[in-house]
*Asks:* 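Let me begin by handing over the structure; questions about it come next.
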Amino acid sequence: MSFDYLGLSDELLSAIKDAGYTEPTPIQKKTIPSTLQGRDILGIAQTGTGKTASFTLPLIDILSQGRARARMPRSLILEPTRELAAQVAESFDKYGKNSKLTCALLIGGTDFAGQVKKLDKGVDVLIATPGRLLDHMERGNVMLNGVEILVVDEADRMLDMGFIPDIEKICKMLSKKIQSLFFSATMPPEVKRLTDTFLKDPKEFEVSAPTATATTIKQHLVKFKGNDSVKRQVLRHILDGDDVKNAIIFCNRKKEVKIVNKSLKVHKYSAAELHGDLHQSTRMEVLNDFKTGKIKILVASDVAARGLDIPDVSHVFNFDVPSNPEDYIHRIGRTGRAGKTGTSFTLSTQFDKKYLDGLLKFLEKDIPIYKVPDSLLEDGKQKRPSRPKEDVKSAPKSEKKQPSRDTKAQNTNKPKNMNDENRHKSKEPVIGLGDHVPDFLIR
Ligand code: AMP
């Protein structure tokens with residue numbers, strides 16, 4: 001089935017063709033016609049399924065008639081993170097290039113006054129994170145009574161990040177007559193309550209079960225005993241041995257993100273870190289460097305990386321088993337996107353046992369075991385891994401600079417659970433050093 005039968009305008013079809021899409025994805029096929037008919041939508045879909053286009057495309061056609069007034073946006077898209085919001089804005093630029101619609105991005109960490117200026121001119125599509133939007137609302141910079149369409153994206157992530165009260169507050173400011181589209185990868189009870197309250201007789205679509213992972217991803221579980229130093233050794237072994245073109249490495253805590261990144265750099269890998277403590281401009285810069293291939297390895301926290309559309313990631317590593325099993329789906333969903341193939345490795349030691357048990361129960365199936373040589377696991381006298389391949393190593397000199405570190409976070413990363421406590425009781429060389437870990441200690 002081609003895009004021609006979904007009811008979209010010729011201008012939009014031309015932009016879709018220019019984007020290189022030939023067929024709508026299942027979520028697009030299901031939601032676009034109903035959205036164009038004015039129905040409320042509840043879409044259960046994970047990232048990587050083409051869900052951004054499933055709401056941006058019809059939105060562009062629906063808003064094509066009419067004009068925006070100062071400070072009164074005609075549509076509102078709420079995203080949990082700045083990166084996701086910026087990504088949706090990029091989609092609008094791509095798909096809306098033949099329309100005259102104006103778009104504004106209200107996210108933290110960027111120019112507040114510039115955002116006010118844009119709002120003053122009038123915007124058709126307002127893309128925002130809840131906190132920044134409420135900030136502008138409280139100062140009278142934006143009024144929501146002109147909103148005709150609301151999109152709440154990644155509703156379950158909004159819940160994880162504590163944004164549900166903000167979403168409720170925002171929804172209550174909107175007219176009762178608006179069209180609402182909610183998207184979520186999973187449906188926890190709090191999200192269900194939200195959709196029951198704010199959606200009117202919604203058309204529900206589910207493109208994959210909440211526990212489903214893309215079939216294009218080859219998953220591996222690497223189980224072994226050892227501390228984080230051994231884990232890093234195992235990580236390097238796989239980075240060197242598998243055909244890794246580029247990779248995202250997820251850690252459960254920001255502190256771990258920093259340590260793993262630093263360690264990889266010490267070992268001359270082309271790596272950078274991405275987490276919520278970094279300045280917005282640094283986050284964007286790092287992301288861009290990774291997208292363009294300047295950096296080959298991105299070490300990231302869940303919050304910073306959720307939903308990011310980074311095409312062509314060959315590998316995803318879970319340095320830790322995620323504490324929330326659903327994060328596993330999101331993490332490994334960074335690879336094997338839009339029909340491409342990908343590989344994931346999940347490292348699990350005795351300290352991850354609780355989370356691994358929870359994950360396997362959630363997945364209702366085993367993850368195939370990947371064995372690493374025993375010689376690697378002999379703590380203390382570990383052998384050096386085989387000579388690394390050039391593609392993920394040899395960072396150009398300019399990449400060696402560490403992204404800026406937010407000093408505020410340095411002393412606040414206290415271990416949160418037994419897992420973390422144990423790790424620090426182990427032979428890790430980071431005790432008492434806060435986030436500053438000298439290079440010579442990281443191996
Ligand atoms: P999303 O789930 O919205 O993050 O989209 C995942 C990726 O799929 C993005 O890189 C989109 O550009 C791409 N994409 C979206 N729709 C299509 C389509 N119909 N055909 C091919 N790629 C698509």
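Whatever order the structure lists ligands and atoms in, that order sets their numbers, starting from 1.
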*Asks:* T102: which residues meet the side chain to side chain contact (heavy atoms under 4.5 Å, CB included) condition with it, sequence neighbours left out?
*Replies:* V123, D124
*Asks:* Which of the numbered atoms in ligand 1 are below 4.0 angstrom from a heavy atom of E23?
*Replies:* 18 (C), 19 (N), 20 (N)
*Asks:* Tell me whether the NZ or CZ atom of R139 lies within the 45° cone about the ring axis of F112 and under 6.0 Å from its centre.
*Replies:*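 Satisfied, under 6.0 Å and within 45°.
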*Asks:* Apply side chain to side chain contact (heavy atoms under 4.5 Å, CB included) to R331 and D302, showing your working.
*Replies:* CA-CA 7 Å; R331 287 180 178 189; D302 288 295; 2.8 Å; yes
*Asks:* If you measure every N or O of T49 against every N or O of ligand 1, does any of those distances drop under 3.5 Å?
*Replies:* yes
*Asks:* Test your reading of the structure: does G50 have an N or O sitting under 3.5 Å from an N or O of ligand 1?
*Replies:*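 So ligand 1 has an N or O lying under 3.5 Å from an N or O of G50.
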*Asks:* Do K231 and D320 sit within salt-bridge range, that is, some charged N less than 4.0 Å from a carboxylate O?
*Replies:*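 Judged by the 4.0 Å cut-off on N to carboxylate O distance, K231 and D320 do form a salt bridge.
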*Asks:* Using a 4.0 Å cut-off to any heavy atom of F3, which atoms of ligand 1 qualify?
*Replies:*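 Contacts of ligand 1 toward F3, numbered from 1: 19 (N).
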*Asks:* I need the atoms of ligand 1 closer than 4.0 Å to a non-hydrogen atom of T52, numbered in the order shown.
*Replies:*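 Reading through ligand 1 atom by atom, the close ones are 1 (P), 3 (O), 4 (O).
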*Asks:* Could you tell me which residues satisfy salt bridge (charged side-chain N to carboxylate O under 4.0 Å, His left out) with E190, sequence neighbours excluded, listed by chain and number?
*Replies:* none
*Asks:* Check whether any N or O atom of Q28, backbone or side chain, sits under 3.5 Å from an N or O atom of ligand 1, and answer yes or no.
*Replies:* yes
